[in-house]
Amino acid sequence: MSPATKSASKSAHKSVPKKATAQAPQPKATTPSADGIHPGSLLSITQLSLEEVSNILALAERLAGEPQSKHATLLENRKLALLFYESSTRTRTSFELAAKSLGAMTTLVSDKSSSIEKGESLKDTGLTLRALGAECIILRHNASGSPYLLAKHTGLPVLNAGDGMHEHPSQALLDLRTILSRLGKKQAATDTTLDGITVCITGDILHSRVARSNALLLPRLGAKVILCGPQQLLPPEAVDLSTGITLERDFDKALQQSQVAMMLRIQKERLAGMQIDLADYQKQYQLNEDRYFKHAPTAVVMHPGPMIRGLEITADIADGPSSAIEEQVRNGLAIRMALLVRALNGGAA
Ligand code: ASP
């Protein structure tokens, strides 16, 4: 525990129930870092040390494994705002259910039904939420870097729930939790945890914040990451994202080397005039039974959703025994509970 957290713990909020005080995050345990960003924020996966990743995984494991009654008051009376400028099913619902299962109050502000429609800026929306008592903001935005702006202007912990084509750090953490459990490994992260494991990420890498956050995280644990896709959706520069990354245009070859196959949707909303021959794409990059059993019959199949069945993945594979897709969704709940506790605990998980 940092000195700041310790001293804040001494002045524990009276409304925190006694039985929960040993573990309950304390209000206002905030020592903004030099750049004004609250330490409970999660803006990019790169900000986390492997030790912090391990702490988050361990907390998620504990929260997922215990009865809900054990943590039902952990964030009692805390106020969280979900600020969503883009559509979402999994991320939004799991953050909201995670918050509620820890006893927190949540409010959802969407660009479709708020003053954002009238032209209010992100900064003013953030300051308004803070004035209303929000102690943490979960932000999804179509502009890369917007979580930094919000964190800077509000001083609140901000959790990046996907910013444009930039990052989706909580997705990378839930994907890691899924990979570790499917491979029978402990929920911990060291620089050798994924030694000997190859993960191929296939599809629209160019527009994918999920691919970026995973490609920034997994090689740090020793994994080899193969990015796979056609030229248009996978520029050669992608290899420079991190060490441990290679590019492979041939999906069959990528599969032959992989223990994990992560499929991505073509993000039509971000194609901006780009013409993709879908029939050809399907032929070359679809994960279907033929391809799977021929090239990677034991690989764990993953997809962050939403899936377009029949395009990047077929139903038999998506619903088959190797698919970890629903497990990813469930793991999202556990990871996001841990991130909320961390956010309101001054950055300690
Ligand atoms: N749900 C993921 C995201 O928000 C992936 C996708 O939309 O295709 O980035």
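In listed order, ligands and their atoms are each counted from 1.
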Novice: Report yes or no: does Gly305 have a heavy atom closer than 4.0 Å to ligand 1?
Specialist: yes

Novice: Report the C-alpha distance between Thr178 and Asn331 in whole Å, list the side-chain angles of each, state the deciding distance to 0.1 Å, and finish with yes or no for side-chain hydrogen bond (donor to acceptor under 3.5 Å, both in side chains).
Specialist: CA-CA 7 Å; Thr178 308; Asn331 285 335; 2.9 Å; yes

Novice: Test the Arg336-Phe95 pair against the cation-pi criterion, namely NZ or CZ under 6.0 angstrom from the six-membered ring centroid and within 45° of the ring axis.
Specialist: yes

Novice: Any salt bridge linking Lys152 with Asp35? Criterion: basic side-chain nitrogen under 4.0 Å from a carboxylate oxygen.
Specialist: no

Novice: Mark up the atoms of ligand 1 that fall under 4.0 Å of a heavy atom belonging to Pro306, in ascending order.
Specialist: 1 (N), 6 (C), 7 (O), 8 (O)

Novice: Which is it for Val210 and ligand 1 at heavy atoms under 4.0 Å: side chain, backbone, both or neither?
Specialist: side chain

Novice: Between Tyr85 and Thr125, is there a side-chain heavy-atom distance shorter than 4.5 Å?
Specialist: yes

Novice: Once you restrict to heavy atoms under 4.0 Å, what part of Gln267 touches ligand 1? Side chain, backbone, both or neither.
Specialist: side chain

Novice: Show me which atoms of ligand 1 lie under 4.0 Å from any heavy atom of His168.
Specialist: 3 (C), 4 (O), 9 (O)

Novice: Using a 4.0 Å heavy-atom cut-off, say whether Glu86 meets ligand 1 through its side chain, its backbone, both or neither.
Specialist: neither

Novice: How many angstroms lie between CD in Gln284 and CG in Asp250, if you round to the nearest 0.5 Å?
Specialist: 8.0 Å

Novice: Polar-atom distance check: Arg140 versus ligand 1, any N or O pair below 3.5 Å?
Specialist: yes

Novice: Counting non-hydrogen protein atoms only, what is the nearest one to atom 8 (O) of ligand 1? Give residue, atom name and distance.
Specialist: Arg265 NE, 2.7 Å

Novice: For atom 4 (O) of ligand 1, which protein heavy atom lies nearest, and how many Å away is it?
Specialist: Arg209 NH2, 2.8 Å

Novice: Is Arg212 salt-bridged to Asp163, going by a charged N under 4.0 Å from an acidic O?
Specialist: no

Novice: Can you find a non-hydrogen atom of Gln171 under 4.0 Å from ligand 1?
Specialist: no

Novice: If the threshold is 4.0 Å, N to carboxylate O, is there a salt bridge linking Glu61 and Arg177?
Specialist: yes

